[in-house]
Asker: 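My questions all concern the structure below.
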Amino acid sequence: MSKGLPKRSEDYSAWYNELVQKADLAENSPVRGCMVIKPYGYTIWEKMQRALDDMFKETGHTNAYFPLFIPKSFLSKEASHVEGFAKECAVVTHYRLKNAPDGSGVIVDPEAKLTEELIVRPTSETVIWSTYKNWIQSYRDLPVLVNQWANVVRWEMRTRLFLRTTEFLWQEGHTAHATADEAVAETKQMLEVYATFAEDWMALPVVRGVKTANERFAGAEDTYCIEALMQDGKALQAGTSHFLGQNFAKAFDVQYTSKEGKLDYVWGTSWGVSTRLMGALIMAHSDDEGLVLPPKLAPIQVVIVPIFKGTEQLATITEKIQPLVKELKSKGISVKFDNRDGNSPGWKFAEYELKGVPVRVAIGPRDLENGTAEVARRDTKEKKVYSMDNLASQIEGLLADIQQNIYQKAQTFRAANTTKVETYDEFKQMLDEKPGFVLAHWDGTSETEERIKEETKATIRCIPLDAPAEEGKCIVTGKPSSRRVLFARAY
RNA sequence: CGGGGUGUAGCGUAGUCAGGUUAGCGCGCCACAUUUGGGAUGUGGAGGCCGCAGGUUCGAAUCCUGCCACCCCGACCA
């Protein structure tokens, strides 16, 4: 392991790429744009999955699994959906290989051509709605509240570990309802689940909002989203929840008979978060020394580093810390005792900082004499000597404190980098000099939105749900506006 | 997909312009010794189809052609 990361202030992008790799989260694979998620990184993803999955279950959803392949014809049934995804689909055309006649390896068997090509799912609305047609006949069959954990493929032009990969892992919820109101309520409920997860687990403050028509999901009536601010002042869309109206029900002919005996199309939603959340987690909190992980998602919450000379001293320390290890585990805290010889304590300190372990406990001869331990927290780098008595409780409190502190820190950062502007000049100046969220008045037209995007690369991230009504003038056209919208340059 | 750049040991690199012994260095790795409270030191050792495939040449990491991957800037996007 080579020392040091690039500095965030010098090359944010290089810092991110190297951090992901040096902290053992993920690496590039032999396949373009696809990543290998390494055990340490995957453990974080598993923790995210578990927390989210519990929240989905609490809100009445159950998991199911739909196929990876989608018949090509399915994709053409919802017009705007095709338009949104057609350009980035991987297509399966054959089902067999054979040995090359010249012995050079294997080739695609031209005789094994599929009569209908299969699309590797970029998202599962079509295959799921074609299934829902068979599941739903009556109002008694509604609502259908299903989620699936899956991988999807989108043939992106430019990829970055976690932020945009050709294949990525995610969950996609797909629900069907008898009324529009109920579907809208579901859409909003799941947005709130995502926001709560981001804030309580990832320690990531997010803006809840609605996308403009331009930024809406292909096939949705409304797209709700959570938007987070990264340390370089760029926005990251962290999750979306779509109100699909009756679009997919109509495309796949999913109708139900109501209590009153009337036939109608059902109302749908879909919502998802992906391994992109890993990117958000990394970029939101980490520093030039490495990852800073919120305790609730850290694979290792506490690492114990013994400082010793010779096996005898190590044995003494090992014995001494057993009660602590046991007590931490009984509190559900994941703890690692790093008794490796051959790496110096200093080396280990740097290593666990790189990997973002929230709390480090060091115990050496000095502590053995005094009945103490040195406890260092990753978020502030603060070190304190504690008595071994009652140390587990101290650490438990410290973990909660760290979780809270990094959330506060992210919130303070966001507040400091969210600015209201009144004119277009001010807007442009702000984006260049102090990148971040910019709240400004907009006349509500796609033309103005497009123009701003073209001229400044900033997009409307969302119309915040909590935006207060405020009379103003569009920064570009001067036309009246009734509330501010959230602009930023985005990932 | 367009423009620019880069591929030499696990990682970082010298050498490429101007072809010529056995491809050099640092980190890491292995062994031993001394060390260990912020990335230890010494000695010895292992590790290379020079991105891949063709070509030119007596001879290619070096020149030519094609391909692949990664990085940066655009267009596209969770």
Side-chain angles (χ1 to χ4, degrees), chain A residues 1-6 11-14 16-18 21-22 27-35 83-89 104-105 122-123 151-172 194 211 214-218 223 225-228 235-242 270-280 289-290 305-310 313-314 317 339-354 360-370 372-376 381 383 385 453-454 457 459 490-491:
Chain A
M1 181 95 32
S2 57
K3 283 195 213 178
L5 286 170
D11 191 342
Y12 192 82
S13 192
Y16 175 81
N17 288 331
E18 290 210 21
Q21 296 183 62
K22 286 186 171 162
E27 60 189 34
N28 283 307
S29 73
V31 184
R32 195 201 83 99
C34 296
M35 64 179 164
E83 208 177 303
F85 288 104
K87 284 173 286 183
E88 50 186 42
C89 285
S104 62
T123 179
N151 58 339
V152 288
V153 167
R154 296 181 189 174
W155 216 263
E156 300 288 354
M157 291 308 158
R158 226 175 121 193
T159 60
R160 289 189 78 190
L161 291 169
F162 289 120
L163 296 175
R164 184 172 301 108
T165 46
T166 301
E167 178 192 18
F168 57 93
L169 307 184
W170 76 346
Q171 58 68 219
E172 44 181 329
Y194 288 154
K211 289 290 188 191
N214 277 354
E215 304 279 329
R216 198 175 286 156
F217 173 74
T223 289
C225 63
I226 51 172
E227 293 284 328
L236 185 79
Q237 179 175 306
T240 47
S241 183
H242 315 291
S270 68
W271 28 274
V273 294
S274 70
T275 36
R276 176 181 253 198
L277 287 179
M278 294 283 294
E289 271 68 52
V305 178
I307 295 154
F308 60 96
K309 288 180 191 169
Q313 210 168 58
L314 177 60
I317 295 171
N339 61 359
R340 286 176 300 172
D341 203 353
N343 290 117
S344 70
W347 189 90
K348 289 177 184 173
F349 293 171
E351 173 74 5
Y352 291 111
E353 269 162 23
L354 178 63
R360 182 186 76 226
V361 178
I363 299 184
R366 219 155 59 200
D367 298 295
L368 289 179
E369 260 176 52
N370 304 332
T372 56
E374 183 194 78
V375 177
K381 305 261 186 59
K383 288 191 278 196
V385 175
K453 184 177 176 181
E454 228 160 81
K457 290 182 208 154
T459 49
Y491 276 97

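Chain identifiers are assigned alphabetically (A, B, ...) following the order of the sequence lines, protein sequences preceding nucleic acid strands; residue numbering begins at 1 within each chain. Since the structure is predicted, the reported quantities are computational estimates derived from the model, not experimental observations. Values below: all heavy atoms of this structure, side chains included; hydrogens, waters and symmetry mates excluded.
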Asker: Counting Watson-Crick and G-U wobble pairs with both distances under 3.5 Å, what is the dot-bracket string for RNA chain B, 5' to 3', using [ ] for crossing pairs and | for pairs to another strand?
Answerer: ((((((((.[[[[.)....(...]]]].((((((.....)))))).....[[[[[..)....]]]]])))))))....

Asker: Among all residues two or more places apart in sequence or in another chain, which pass the salt bridge (charged side-chain N to carboxylate O under 4.0 Å, His left out) test with E167(A)?
Answerer: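 Here no residue qualifies.
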
Asker: Where each residue is assigned the nucleotide of RNA chain B containing its nearest heavy atom, which of F349(A) and R154(A) is assigned the position nearer the 5′ end?
Answerer: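 Looking at the nearest nucleotide for each, F349(A) comes out on the 5' side.
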
Asker: Would you measure the distance from the P atom in A60(B) across to the matching atom in C50(B) and give it in whole Å?
Answerer: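 My reading of the P atoms in A60(B) and C50(B) gives 12 Å.
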
Asker: What integer number of Å spans the P atoms of C63(B) and G20(B)?
Answerer: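 Per the computed distance, 11 Å lies between those P atoms.
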
Asker: Which of the following nucleotides, C72(B), G37(B), A78(B), is nearest to the side chain of R160(A)?
Answerer: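 Out of C72(B), G37(B), A78(B), the nucleotide with an atom closest to R160(A)'s side chain is C72(B).
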
Asker: Among G39(B), A78(B), C72(B), find the nucleotide with the atom closest to the side chain of Q237(A).
Answerer: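 Closest of the options to the side chain of Q237(A): A78(B).
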
Asker: Choose from G38(B), C72(B), U35(B) the nucleotide whose nearest atom is closest to any side-chain atom of E353(A).
Answerer: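 Looking only at side-chain atoms, E353(A) lies closest to G38(B).
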
Asker: Under 3.5 Å, is there an N or O donor on one side and an acceptor on the other linking the side chain of K383(A) and the base of G38(B)?
Answerer: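 Indeed, a donor on one side and an acceptor on the other fall under 3.5 Å apart.
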
Asker: Return the set of residues passing side-chain hydrogen bond (donor to acceptor under 3.5 Å, both in side chains) with T166(A) (not counting sequence neighbours), or none when no residue passes.
Answerer: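 Listed in chain order: nothing, the list is empty.
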
Asker: What integer distance in Å separates N17(A):CG from G12(B):P?
Answerer: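 Between P of G12(B) and CG of N17(A): 12 Å.
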
Asker: Please measure how far the C1' atom in U8(B) lies from the corresponding atom in U13(B), and state the result in whole Å.
Answerer: 9 Å

Asker: Whether T123(A) contacts A78(B) is assessed here as follows: a side-chain N or O lying under 4.0 Å from the phosphate OP1 or OP2. Is that the case?
Answerer: no

Asker: Is there a side-chain contact between T123(A) and W170(A), using heavy atoms and a 4.5 Å cut-off?
Answerer: yes

Asker: On a whole-Å scale, what distance lies between the C1' atoms belonging to C52(B) and C68(B)?
Answerer: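 It comes out at 7 Å once rounded to the nearest Å.
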
Asker: Rounded off to whole Å, could you give me the CD-to-P distance for the Q313(A) and G37(B) pair?
Answerer: 12 Å

Asker: For T240(A), answer base if it contacts any base atom (sugar-phosphate contacts may also be present), sugar-phosphate if it contacts only those atoms, and nothing otherwise; contact means non-hydrogen atoms under 4.0 Å.
Answerer: nothing

Asker: In whole Å, what separates the P atom of G4(B) from that of U16(B)?
Answerer: 24 Å

Asker: Mind calculating the distance between CD (E156(A)) and P (G74(B)) to the nearest angstrom?
Answerer: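 Answer to the nearest Å: 16 Å.
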
Asker: Whole angstrom is fine here: how far is it from OH in Y12(A) over to C1' in C72(B)?
Answerer: 17 Å

Asker: Output the rounded distance in Å from CZ (R360(A)) to C1' (G39(B)).
Answerer: 12 Å

Asker: For R158(A), what residues pass the salt bridge (charged side-chain N to carboxylate O under 4.0 Å, His left out) criterion, not counting sequence neighbours?
Answerer: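 Checked R158(A) against salt bridge (charged side-chain N to carboxylate O under 4.0 Å, His left out); zero matches.
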
Asker: Taking the C1' atom of each, how far is U43(B) from G51(B), in whole Å?
Answerer: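 Straight-line distance between the two C1' atoms is 36 Å.
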
Asker: Please enumerate all residues that pass ring-ring contact (aromatic ring centres under 6.0 Å, His included) together with W155(A), with sequence neighbours excluded.
Answerer: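 Checked W155(A) against ring-ring contact (aromatic ring centres under 6.0 Å, His included); zero matches.
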
Asker: Figure out the CG/P separation between D367(A) and U36(B), and round it to whole Å.
Answerer: 16 Å

Asker: Does NZ or CZ of R360(A) come closer than 6.0 Å to the centre of the six-membered ring of F349(A), within 45° of the ring's axis?
Answerer: yes

Asker: Using modelled atom types only, decide if a donor and an acceptor are shared between the side chain of Q313(A) and the backbone of K309(A) within a distance under 3.5 Å.
Answerer: yes

Asker: Can you tell me if S29(A) uses its side chain to pair, donor with acceptor, with the backbone of C34(A) under 3.5 Å?
Answerer: yes

Asker: Residues two or more places apart in sequence or in another chain: which of them pass salt bridge (charged side-chain N to carboxylate O under 4.0 Å, His left out) with E83(A)?
Answerer: none

Asker: Using a 4.0 Å heavy-atom cut-off to protein, can you give one letter per nucleotide of nucleotides 1-9 of chain B, 5' to 3': B if the base is in contact, S if only the sugar-phosphate is, - if neither?
Answerer: B--------

Asker: Between the protein and nucleotides 66-70 of chain B, which nitrogen or oxygen pairs are less than 3.5 angstrom apart?
Answerer:
from	atom 1	to	atom 2	distance (Å)
C70(B)	OP1	G33(A)	N	2.8

Asker: On a whole-Å scale, what distance lies between the C1' atoms belonging to U57(B) and G10(B)?
Answerer: 35 Å

Asker: Could you measure the distance from the CD atom of E215(A) to the CD atom of Q237(A)? Nearest 0.5 Å is fine.
Answerer: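 So the gap between those two atoms works out to 8.0 Å.
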
Asker: Over all strands shown, is F217(A) touching base, sugar-phosphate only, or nothing at heavy-atom distances under 4.0 angstrom?
Answerer: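 If one applies the 4.0 Å heavy-atom cut-off, F217(A) turns out to touch nothing in the nucleic acid.
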
Asker: With sequence neighbours excluded, tell me which residues meet side-chain contact (heavy atoms from CB on, under 4.5 Å) with A86(A).
Answerer: V82(A)

Asker: With the stacking rule set at 5.5 Å and 30°, tell me whether F168(A) counts as stacking on A78(B).
Answerer: yes

Asker: With the side chain of A350(A) defined as its heavy atoms from C-beta on, choose the nearest nucleotide among A78(B), G39(B), G37(B).
Answerer: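 Taking heavy atoms from C-beta onward, the closest nucleotide is G39(B).
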
Asker: What pairs with E27(A) under salt bridge (charged side-chain N to carboxylate O under 4.0 Å, His left out), at least two apart in sequence or on another chain?
Answerer: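 By the salt bridge (charged side-chain N to carboxylate O under 4.0 Å, His left out) rule, E27(A) matches K38(A).
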
Asker: With nearest nucleotides of RNA chain B determined for P365(A) and F85(A) from heavy-atom distances, which residue corresponds to the more 5′ nucleotide?
Answerer: P365(A)

Asker: Who pairs with F217(A) by ring-ring contact (aromatic ring centres under 6.0 Å, His included), at least two apart in sequence or on another chain?
Answerer: H81(A), F85(A), H242(A)

Asker: Counting only side-chain N and O atoms of K309(A), is one of them less than 4.0 Å from OP1 or OP2 of U36(B)?
Answerer: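 Yes, such a contact exists.
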
Asker: For T159(A) and R32(A), run side-chain hydrogen bond (donor to acceptor under 3.5 Å, both in side chains): C-alpha distance rounded to whole Å, both residues' side-chain angles, the deciding distance at 0.1 Å, then the answer.
Answerer: CA-CA 9 Å; T159(A) 60; R32(A) 195 201 83 99; 5.6 Å; no

Asker: Give me, pair by pair, the N or O atoms of the protein and of nucleotides 40-45 of chain B that are less than 3.5 Å apart, along with how far apart they are.
Answerer:
from	atom 1	to	atom 2	distance (Å)
A40(B)	OP2	S344(A)	OG	2.7

Asker: Rounded to the Å, how far apart are K22(A) NZ and C27(B) P?
Answerer: 15 Å

Asker: Side chains of C225(A) and T240(A): does their closest heavy-atom pair fall under 4.5 Å?
Answerer: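 In short, these two side chains touch, coming nearer than 4.5 Å.
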
Asker: Please classify the nucleic acid contact of T165(A) as base, sugar-phosphate, or nothing, using heavy-atom distances under 4.0 Å.
Answerer: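 The answer is base, as T165(A) lies within the cut-off (heavy atoms under 4.0 Å) of a base atom.
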
Asker: Counting side-chain heavy atoms from CB outward, which of U35(B), G37(B), G39(B) is closest to A362(A)?
Answerer: G37(B)

